[in-house]
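See below for the structure under consideration.
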Amino acid sequence: MPELPEVETTCRGIEPRIKGAVVERVIIRQAKLRWPIPTTLPHDLPGQRLRRVERRAKYLLLQFDQGTLILHLGMSGSLRVLERGSPPQTHDHFEITFDNNRILRLRDPRRFGAVLWTSAPAADHSLLRELGPEPLGPDFDGTHLHQTGSRRRVAVKNLIMNSKVVVGVGNIYASESLFRAGIHPARPANRISQQRYDRLAAEISAVLREAIKAGGTTLRDFQQEDGRPGYFAQALLIYGKTGEPCPNCGKPIKNRTIGQRSSYYCAHCQR
DNA sequence: CAAAGGTCCTGCTCGC
DNA sequence: TGCGAGCAGGACCTTT
């Protein structure tokens, strides 16, 4: 799925093409996503102007006159902006047609994504209220990780993938940042020094920034709003490279399951 | 049959 | 014993 860089790429891609436009029509083809898409949207959204497009964690927030549409891409979702008349395909579940003849269309084969509506401030929504800091924002650093990690015994990989600790770090970038920081993914969170957490925080921010620059990582489903893939897959150092030589020491890259997720690491370089 | 980029929810364990 | 925080596992769904 879309991790933070893919959602940010989508956010930046769709914003200039639909911001300021007025909704003409809303179609729900498949309401059964993670939660049902509110059936009131086709009635309530037309006539409202799209004021802002923002990202918080992996949620996209489309702020209209009367409230905010909260979108999540789940594991396999993507959003595209197409011209009016463009025919929908399989797994195209939801779309908004705007008065500038553009369609914002959600595709999500696995249907782990979500489309929700709130008329209150989006930050107060139950899905957003308890989220940790943005990894590219001012409240995220090694001290934050060190403090949160100090009372937990979970593997550090689980710590940084916990959205209450820091948002936006998914399975790919967790492996990448831990490799770059030289920290073993299974190391207990309470057995890592402040100094090493400083390094880890810096690597998390750096790898996310680099991935955003490349338009995200496409392994299979992800596409940018114009249909192109993301190009950061070529820059991955460790993710998905089981058995290949470590780019640092040459020893074979290992793979094991940590917290029910596949984890890639070099047993020699990461301690 | 297993695994794939997410994350909420439930129910258990642990320590005070 | 009770409580809250932390934690593991299950659930959701389709495609390869």
Side-chain angles (χ1 to χ4, degrees), chain A residues 1-10 29-37 55-60 70-79 89-94 106-116 125-132 135 145 147-178 185-186 188-191 204 207-208 211-212 214-224 229-242 255-264:
Chain A
M1 128 33 153
E3 297 187 33
L4 184 146
E6 293 72 42
V7 180
E8 180 67 20
T9 295
T10 300
R29 296 199 173 80
Q30 169 59 274
K32 290 183 182 171
L33 303 187
R34 172 124 201 216
W35 296 283
I37 301 177
R55 177 191 62 73
R56 168 70 173 121
K58 296 173 188 168
Y59 294 95
L60 280 165
I70 301 174
L71 298 175
H72 197 287
L73 302 179
M75 288 276 262
S76 59
S78 58
L79 275 175
Q89 296 180 304
T90 326
H91 308 307
D92 286 347
H93 305 313
F94 175 83
L106 173 70
R107 175 177 305 172
D108 185 5
R110 292 181 70 180
R111 289 197 263 132
F112 288 173
V115 178
L116 298 168
H125 193 276
S126 57
L127 289 173
L128 307 189
R129 203 170 26 203
E130 319 239 323
L131 292 174
L145 285 183
Q147 281 175 355
T148 343
S150 66
R151 55 201 150 86
R152 301 182 195 223
R153 284 163 295 180
V154 279
V156 60
K157 178 159 182 270
N158 292 345
L159 182 81
I160 61 174
M161 289 182 69
N162 181 342
S163 62
K164 289 182 179 168
V165 176
V166 56
V167 302
V169 183
N171 205 31
I172 295 178
Y173 301 109
S175 279
E176 291 295 311
S177 55
L178 286 164
N190 60 1
R191 293 190 46 229
I204 287 171
V207 75
L208 293 175
I212 290 169
T217 299
T218 297
L219 297 182
R220 61 185 320 118
D221 295 303
F222 178 71
Q223 45 183 256
Q224 302 186 51
Y231 298 102
F232 195 70
Q234 306 157 46
L236 296 176
L237 297 177
I238 200 100
Y239 184 88
K241 300 193 184 294
T242 311
N255 175 35
R256 80 178 236 213
T257 301
I258 297 170
Q260 314 206 137
R261 310 303 295 278
S262 194
S263 305
Y264 303 86

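Computed from heavy atoms alone, side chains included, the values below leave out hydrogens, waters and symmetry copies. Letters A, B, ... are given to chains in the order of the sequence lines, protein chains preceding strands, and every chain is numbered from 1.
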For dC8(B), take OP1 and OP2 only and decide whether either is under 4.0 Å from a side-chain N or O of Y59(A).
yes

Just checking, any donor-acceptor pair under 3.5 angstrom between side chains of D108(A) and S76(A)?
yes

Most 5' of Y264(A) and S163(A) on DNA chain B, judged by nearest nucleotide:
Y264(A)

Can you give the dot-bracket line for DNA chain C, where a pair is Watson-Crick or G-U wobble with both atom distances under 3.5 Å, crossing pairs use [ ], and | marks a partner on another strand?
.|||||||||||.|||

Using atom types as modelled and distance alone, determine if a side-chain donor or acceptor of E176(A) lies under 3.5 Å from a backbone N or O of V207(A).
no

Nearest listed nucleotide, side chain of R151(A), among dG6(C), dC7(C), dT7(B):
dG6(C)

Side-chain donor-acceptor contact under 3.5 Å, K157(A) with N171(A)
yes

Could you grab the distance from atom CG of L145(A) to atom CD1 of I204(A), nearest 0.5 Å is fine?
5.5 Å

Please compare K32(A) and T148(A) by the position of their nearest nucleotide in DNA chain C and report the one closer to 5'.
T148(A)

Do the side-chain N or O atoms of R34(A) get closer than 4.0 angstrom to the phosphate oxygens (OP1, OP2) of dT7(B)?
no

Please check if the side chain of E130(A) supplies one atom and the backbone of K164(A) the other of a donor-acceptor pair under 3.5 Å.
no

More than 12 foreign heavy atoms under 6.0 Å from CZ of R191(A): is that the case here?
no

From CD of E3(A) across to C1' of dT7(B) the rounded distance in Å is 13 Å

May I ask whether F112(A) stacks on the base of dC12(C), given the cut-offs of 5.5 Å between ring centres and 30° between planes?
yes

Non-hydrogen side-chain atoms of V154(A) and N162(A) separated by less than 4.5 Å
no

Rounding to an integer number of Å, can you tell me how far Q260(A) CD sits from dA2(B) P?
14 Å

Categorize R261(A) for me: base, sugar-phosphate, or nothing, with a 4.0 angstrom heavy-atom threshold over every strand shown.
base

On DNA chain B, does the nearest nucleotide to W35(A) precede the nearest nucleotide to T218(A) from the 5' side, or the other way round? Give the residue.
T218(A)

Value in whole Å for how far the C1' atom of dA5(C) lies from NZ of K164(A):
10 Å

Tell me: CD1 of I160(A) to C1' of dG6(B), nearest whole Å?
15 Å

Which one, dA8(C), dC14(B), dA4(B), comes nearest to the side chain of S262(A)?
dA4(B)

R152(A) CZ - dC7(C) P separation (whole Å):
6 Å

Where does the angle between the aromatic ring planes of Y173(A) and F232(A) fall among parallel (under 30°), tilted (30 to 60°) and perpendicular (over 60°)?
tilted

Can you tell me how far P of dA3(B) sits from CG of L219(A), to the nearest Å?
17 Å

Could you tell me whether the side chain of R111(A) and the main chain of G113(A) form a donor-acceptor pair under 3.5 Å?
no

Grab the NZ-P distance between K58(A) and dT7(B) for me, whole Å please.
4 Å

Give one of base, sugar-phosphate or nothing for L127(A), where a contact means two heavy atoms less than 4.0 Å apart.
sugar-phosphate

Check the interface with nucleotides 14-16 of chain C: list each N/O to N/O pair with the protein under 3.5 Å, or write none.
from    : atom 1 : to      : atom 2 : distance (Å)
dT14(C) : OP1    : R111(A) : NH2    : 2.3
dT14(C) : O4'    : P109(A) : O      : 3.3
dT14(C) : O3'    : H91(A)  : NE2    : 3.4
dT15(C) : OP1    : H91(A)  : NE2    : 2.7
dT16(C) : O4'    : R220(A) : NH2    : 3.1

Atom CG of N255(A) and atom C1' of dA4(B): how far apart are they, to the nearest Å?
12 Å

Just compare dA8(C), dA4(B), dT7(B) and give me whichever is closest to any side-chain atom of V154(A).
dA8(C)

Would you confirm whether Q30(A), through its side chain, and K32(A), through its main-chain N or O, come within 3.5 Å as a donor-acceptor pair?
yes

